[in-house]
Amino acid sequence: MRLRRLAVVTALLAALATAGCATSGGVGTDTNGNPPGANGGSAAVALTGAGSTFDWPLFDAMFKEYQESHPVTVNYQAIGSGGGQKALFDGTVQFAASDAFLSDEQMKDHPDVVHIPITIGAVSVGYNLPGVDNLRLTGPVLADIYLGKIKKWNDPAIAAINPGVRLPDLPVVPVYRSDGSGTSFIFTNYLKAVSPEWASKVGAGTSVQWPAGLGGKGSNGVAGQVTQTPGAIGYFEMAYAVENHIAQATLQNHDGQWVQPSTEGAAAAAAGAAKSMPADLRKVLIVDAPGEKSYPISGFSWVLVSRDLKDTPQNRELVKLLWWMVHDGQKHAEPLHYAPLPEEVVKLDEAQLRGLGAGGTSLLGK
Amino acid sequence: MTKRSSAGSAPVARRSSGSDPGGAPAALRSRGDRAFRLATMLAAAAVLAAAAAIAFVLLRASAPAISRFGPAFLVRADWDPIRLSFGALPFVWGTLYTTAIATVLAVAAGVMTALYLTEVAGGGTRAVLGFTIEFLAAIPSVIFGLWGLYVLIPWLRDHVAVPLSMRAGDFPLLAGPVYGPGMLAAGLVLAVMIVPTVAAVSREVFASVPETLRDAAYALGVTRWEMVRTVLLPAAKGGLLGAVVLAVGRAMGETMAVTMVIGNAAAVSVSLFAPGNTMSSVIANQFAEATERLHQAALMEIGLLLFLTTLLVNLGARWLAARTAARAMMVPPFAGAPEEGQADAA
């Protein structure tokens with residue numbers, strides 16, 4: 001008797017809880033809806049964004065300066081590119097930042113999303129080899145390391161491109177990002193571009209099925225494994241390698257030149273790509289890019305925003321902010337080890353920003 | 001006062017608190033009484049409802065993966081987000097493997113610590129050691145992870161794993177290559193994390209065994225070890241199982257520290273030194289960036305599996321505890337004594 005009553009109450013509560021879930025999924029579908037707490041009567045307009053952790057240090061510097069001179073507060077949450085995409089689709093944020101562009105399938109579900117290249121980054125290949133200061137690697141050799149085919153550091157394939165370097169008889173320990181990441185997206189796209197075997201066996205994406213090695217969570221997880229393990233090799237944003245003084249491999253680029261990771265190298269790769277960018281600025285990869293100075297593992301990061309922005313004070317401020325970010329905001333890039341957008345890409349971004357506004361009426365300048 | 005919380009007395013305590021208030025005189029059944037009953041029932045129902053809702057949401061969210069892969073999901077070993085081909089085997093394997101290492105080590109160390117605390121140590125040592133154990137239990141798991149990554153793993157690699165796999169690498173359990181992070185490292189870190197749970201609960205269990213039992217045993221002229229072996233451990237069996245269940249539950253669900261030391265490779269290997277992955281760790285790693293619907297559904301199904309595994313372990317342990325408790329009460333010559341003592345405590 002009492003048991004039955006308990007069962008009934010339980011069922012009711014469970015139904016309530018799951019029903020609550022269902023509605024909370026539906027509430028946020030209006031991309032133009034104001035997030036809670038915005039426009040609460042105060043003078044400052046609150047803008048919210050979420051996404052890429054890679055962009056966070058740059059955005060932090062940008063927003064700090066912008067908020068000082070504009071009646072706007074920007075709340076950006078670095079929850080990861082995928083999380084930012086989801087938040088944008090759910091309408092809980094007004095803009096997202098992502099190191100990977102949306103797939104064709106995602107574009108089918110969300111045709112209103114506009115891609116705006118916001119910055120360019122280089123991905124460093126760091127290594128831990130006692131006594132080796134300048135390691136050279138080619139794309140195919142790097143791919144063979146991550147395929148698990150090159151198992152020792154004194155492998156003839158590595159020795160051949162490092163004449164005069166005493167390579168130790170140590171096992172190679174490739175380290176990758178265990179969490180889904182835009183850095184992995186750029187890195188695997190590079191391996192895919194330079195190695196047909198990688199392209200057919202593994203592919204490219206924010207997380208893949210790694211054939212060999214160890215995973216570390218986050219850039220600090222990968223860097224931790226690399227610095228802790230003699231013989232380890234890993235990849236992370238260039239800023240991470242520079243700040244933590246991790247030895248970075250010199251890579252052979254598409255033109256056959258040996259290049260160290262640099263913001264100039266990433267910018268050179270991007271400038272080359274600007275000539276042949278698709279109109280929606282979406283599927284742009286600048287890995288293994290041509291050009292004498294191009295650093296081969298470079299990538300764009302995008303701001304994603306809905307094209308159908310209603311004419312509200314908040315959305316006007318959003319467009320103003322984005323305009324500032326691709327122009328004046330770019331000065332923060334270099335000191336933080338990002339490459340500023342080349343002139344050609346800024347022009348393309350301007351066109352994208354002019355197109356923001358529901359019903360084809362641009363919000364820019366309003 | 002602490003005797004109440006002991007897992008050993010739990011079945012009796014529940015029975016007594018469950019005695020029917022309807023048996024009280026009608027005059028006492030005031031409105032307050034009814035409100036109290038309703039409030040407590042709502043609270044109890046909320047717990048059940050939360051569990052049911054979690055199961056339902058997990059089931060619904062994992063539906064695409066369930067219909068795509070079926071039961072084969074459990075035995076497939078590949079996890080490929082690019083080709084959208086998913087199987088749970090590496091993660092189930094890693095969870096069970098690391099939990100087994102951790103449980104064996106932690107139960108041995110925790111029970112011995114508890115025995116030392118209740119049967120051997122003097123008052124001062126008891127207080128200091130007791131405090132330290134509780135303090136260990138309060139350390140955030142990321143600290144254990146960092147300790148594992150920067151202290152335990154380099155030591156383990158250079159002094160245990162490499163020498164062992166060089167000499168006995170043909171033995172599958174010790175096969176190389178040794179990277180550092182792996183199953184053994186994860187199991188050890190987990191063991192350190194759950195020792196406090198085992199020790200603290202076991203201490204309560206031993207403390208709740210009535211003093212009269214010990215005195216009776218000593219009166220028969222047994223040594224301390226004989227008393228522990230023939231009186232204390234049998235009397236405490238049910239409660240100790242409770243300690244093991246708590247420890248296993250924590251080990252299976254632990255995420256952060258394990259992720260930092262296990263190597264995060266979706267592979268199935270029997271070697272102690274091989275990198276692996278666990279169910280909770282793969283969810284924590286991939287969920288935020290999983291954009292494909294099937295990828296999300298597969299992660300949800302892993303969550304569902306973790307939920308079910310935890311449930312099964314709990315039910316199994318409960319069943320074991322009930323069985324041993326029932327048997328313990330039938331064994332002479334202490335047949336009546338434990339029950340009496342526990343009833344007192346309750």
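Hydrogens, waters and symmetry mates play no part in the numbers below; they use all other heavy atoms, side chains included. Just so it is clear, the structure is predicted and the values come from calculations on it, not from any experiment. Chain identifiers are assigned alphabetically (A, B, ...) following the order of the sequence lines, protein sequences preceding nucleic acid strands; residue numbering begins at 1 within each chain.
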Please identify, among A:E105, A:K86, A:Q85, the residue contributing the most non-hydrogen atom pairs under 4.5 Å to chain B.
A:K86
Looking only at A:A232, A:G224, A:S81, A:G83, the option with the highest number of non-hydrogen pairs under 4.5 Å against chain B is A:S81
Examine A:F89 together with A:H110 and report whether their ring centres are nearer than 6.0 Å.
yes
Between B:P181, B:A51, B:A265, B:A267, which shows the greatest number of heavy-atom pairs under 4.5 Å with chain A?
B:P181
Heavy-atom cut-off 4.5 Å, strictly under: side chain, backbone, both or neither for A:S98 against chain B?
neither
Please determine whether ring-ring contact (aromatic ring centres under 6.0 Å, His included) holds for the pair A:F300 and A:F101, giving the CA-CA distance in whole Å, both sets of side-chain angles, and the decisive distance to 0.1 Å.
CA-CA 9 Å; A:F300 277 110; A:F101 47 79; over 10 Å; no
Shorter than 4.5 Å, heavy atoms on both sides: which option in A:G221, A:P171, A:S178, A:G80 has the most such pairs with chain B?
A:S178
Electrostatic pair B:R293-A:D109, nearest N-O below 4.0 angstrom:
yes
Looking at A:T206, A:I79, A:T188, A:V208, which has the largest count of heavy-atom pairs under 4.5 Å with chain B?
A:V208
Look at B:R83 together with B:D80 and state whether they make a salt bridge at an N to O cut-off of under 4.0 Å.
yes
Would you please classify the geometry between the A:H115 ring and the A:W302 ring as parallel, tilted or perpendicular, with 30° and 60° separating the classes?
perpendicular
Lys/Arg-Asp/Glu bridge criterion (N-O < 4.0 Å) met for A:D144, A:K151
no
Please classify the contact between A:A100 and chain B as side chain, backbone, both or neither, with a heavy-atom cut-off of under 4.5 Å.
neither
Relative to chain A, which segment of B:A290 carries a heavy atom at a distance below 4.5 Å: side chain, backbone, both, or neither?
backbone
Which bit of B:D78 is near chain A, if near means a heavy-atom gap under 4.5 Å: side chain, backbone, both or neither?
both
The interface call for B:P177 against chain A, heavy-atom contacts under 4.5 Å, is neither
For the interface with chain B, which of A:T229, A:V175, A:V202 has the highest count of heavy-atom pairs at distances below 4.5 Å?
A:V202
For residues B:S281 and B:N264, is any side-chain donor paired with an opposing acceptor at under 3.5 Å?
yes
Where does the angle between the aromatic ring planes of A:Y76 and A:W56 fall among parallel (under 30°), tilted (30 to 60°) and perpendicular (over 60°)?
parallel
